[in-house]
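Here the structure comes first, spelled out in structure tokens, and everything after it is commentary.
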Amino acid sequence: MKNKTVIEEELRELSPLLLLYKRQIPLPIVPEAYFSEVATTFFSEKLKENTIQQFILKDKPIVPNDYFEGFEQQVMHKIAKEEKAIKSGEVLALYPKDRKQMVLFRILAIAAVLAGVVLLINGVQAPTLPQKNCSDGVACLSQDEIYHYMNTHSNEFSMQEIKEAVAPALERQNSPSEKEKNSDLDIEIM
Amino acid sequence: MKLTDEEILALLKHPDTKEKAFRSLLSNYQERLYYHVRRYVRNHEDANDILQNTFIKTWNAIGQFQGNSAIYTWLYKIASNEAITFINKQKKINTTAIEQSVVLHQGATDGLDAGVMAQRLQQAIDILPDKQKQVFIMRYYDELSYEEIAAIVDTSVGALKASYHHAVKKIEDFLLS
């Protein structure tokens, strides 16, 4: 009652309109005998077994029976399964069934590469030297061989004999086609 | 014979007397709490739901009640929070039918004015923030002192006075608009 007086005085100062509302608006309607049944309703079996349970379930998520008992095992099983998968991933070959074929293929490939290298080297090194035709006798010798031989055996030949012996070779050397051949030969020999 | 709060609390601690004590608690506070929650909602069914939930929560948490504050303070806090939670949920679902409040007030049958006034006032309360709504209902309808309200909502008396004054002004502006 004391509170009511203080509150109304305060309201009169703050808002006379709200004070008017407060005095005119009645209490809300309540169904008859509602308050006498609140306790009974609350403790009825329905409320005990359903409403309270529903309330508890509403606030707490539903967990299946024995969920936490088997939880540890579930986790350990999952870990073991994943570890197994990782390990098997490390030893697995890309083509396990064709392994022999793969080895053979590699060997053949290496051999082919080596053969190619050898052929290439041989091709580069093989000189295109002119075939010697020794039917001409002294004329088919090289100049070095002729000079060397003449230096060694100069005392055995007269000037005339030497001129006659060298003449055919000199003539052939002075011809244009022979000059080209000789120049090619010089380059290759160098 | 009505049991005191102290007697109720003592009996609530023993399983054998728990139900009897709780029935006394309901008997002592059900009306006050009903009218308190009824100010947040517009119909009896909603108020009943909130009141049921309030007592269910109280029943479940009664073992945790330390007795540091008056039991009605604790009950008011639970009821008020339940009501705020309820109306906020309702807001999300749909806007409640304001017209219902007209026929559910006693004055509505005597004359249209009381019903229209109740409807307008309810609309004005609805637009208040939750804290101002709680303070206004506790002060304007439940006629609690600032000290009692402070114990329920854990706020200083000064802050409560400011909240109440703001709420009154907002409602007045709404009613005059």
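Each chain gets a letter, A, B and so on, in the order the sequences are listed, and its residues count up from 1. What you are looking at is a predicted structure, and each value in this text was computed from that prediction instead of being measured. All values below were derived from every heavy atom in this structure, side-chain atoms included, with hydrogens, water molecules and symmetry-related copies excluded.
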Is A/Leu114 linked to A/Leu104 within one hydrophobic cluster, defined over Ile, Leu, Val, Met, Phe, Trp and Tyr using a side-chain heavy-atom separation of less than 4.5 Å?
-> no
Give the cluster check for A/Phe105 versus A/Val113: same hydrophobic cluster or not, with ILVMFWY residues linked at side-chain heavy-atom distances below 4.5 Å.
-> no
Verdict with supporting geometry, B/Arg139 and A/Ile7, side-chain contact (heavy atoms from CB on, under 4.5 Å) | CA-CA 7 Å; B/Arg139 183 79 177 159; A/Ile7 288 163; 3.3 Å; yes
Is A/Leu119 reachable from A/Leu108 through a run of I, L, V, M, F, W or Y residues, each pair having side-chain heavy atoms under 4.5 Å apart?
-> no
Chain A contact via B/Leu51 - which portion, at a heavy-atom distance below 4.5 Å | side chain
Between atom OH of A/Tyr21 and atom CG of B/Leu175, what is the distance when rounded to the nearest 0.5 Å?
-> 4.5 Å
Note: A/Leu27 and B/Arg39 closest approach over all heavy atoms is CD2-NH2, 3.4 Å
Indicate the atoms forming the closest heavy-atom contact of A/Asn3 with B/Ser145, along with that distance.
-> ND2-N, 3.4 Å
Using a cut-off of 6.0 Å, state whether more than 12 heavy atoms not belonging to B/Lys161 lie near its atom NZ.
-> no
Comparing B/Tyr141, B/Phe55, B/Tyr34 against chain A, the one with the most heavy-atom pairs below 4.5 Å turns out to be B/Tyr34
CG (B/Asp173) and OG (A/Ser15) are apart, to the nearest 0.5 Å, by 9.0 Å
Hey, are the side chains of A/Pro28 and B/His44 touching, using non-hydrogen atoms and a 4.5 Å cut-off?
-> no
Report the distance from atom CG of B/Leu121 to atom CG of A/Leu17, rounding to the nearest 0.5 Å.
-> 9.0 Å
Rounded distance [0.5 Å steps], CG in B/Asn48 versus CD in A/Glu37 | 10.5 Å
For residues B/Phe136 and A/Leu18, determine if any side-chain heavy atom of one lies less than 4.5 Å from a side-chain heavy atom of the other.
-> yes
Other residues, nucleotides, ligands: >12 heavy atoms within 6.0 Å of B/Lys20 NZ | no
For side-chain contact (heavy atoms from CB on, under 4.5 Å), just list the numbers for B/Tyr146 and A/Val6, CA-CA rounded to whole Å, side-chain angles, deciding distance to a tenth of an Å, and then say yes or no.
-> CA-CA 11 Å; B/Tyr146 283 119; A/Val6 173; over 6 Å; no
Does B/Tyr29 belong to the same Ile/Leu/Val/Met/Phe/Trp/Tyr cluster as A/Phe35, with side-chain heavy atoms less than 4.5 Å apart forming each link?
-> yes
Do the charged groups of A/Lys22 and B/Glu143 touch, with an N to O distance under 4.0 Å?
-> yes
Verify the cluster assignment for A/Val118 and A/Ile110: are they in a single hydrophobic cluster under the rule of side-chain heavy atoms below 4.5 Å apart?
-> no
Supply the atom-to-atom distance A/Leu14 CG to B/His165 NE2, rounded to the nearest 0.5 angstrom.
-> 4.5 Å
A/Tyr34 and B/Glu31: side chain donor to acceptor below 3.5 Å | no
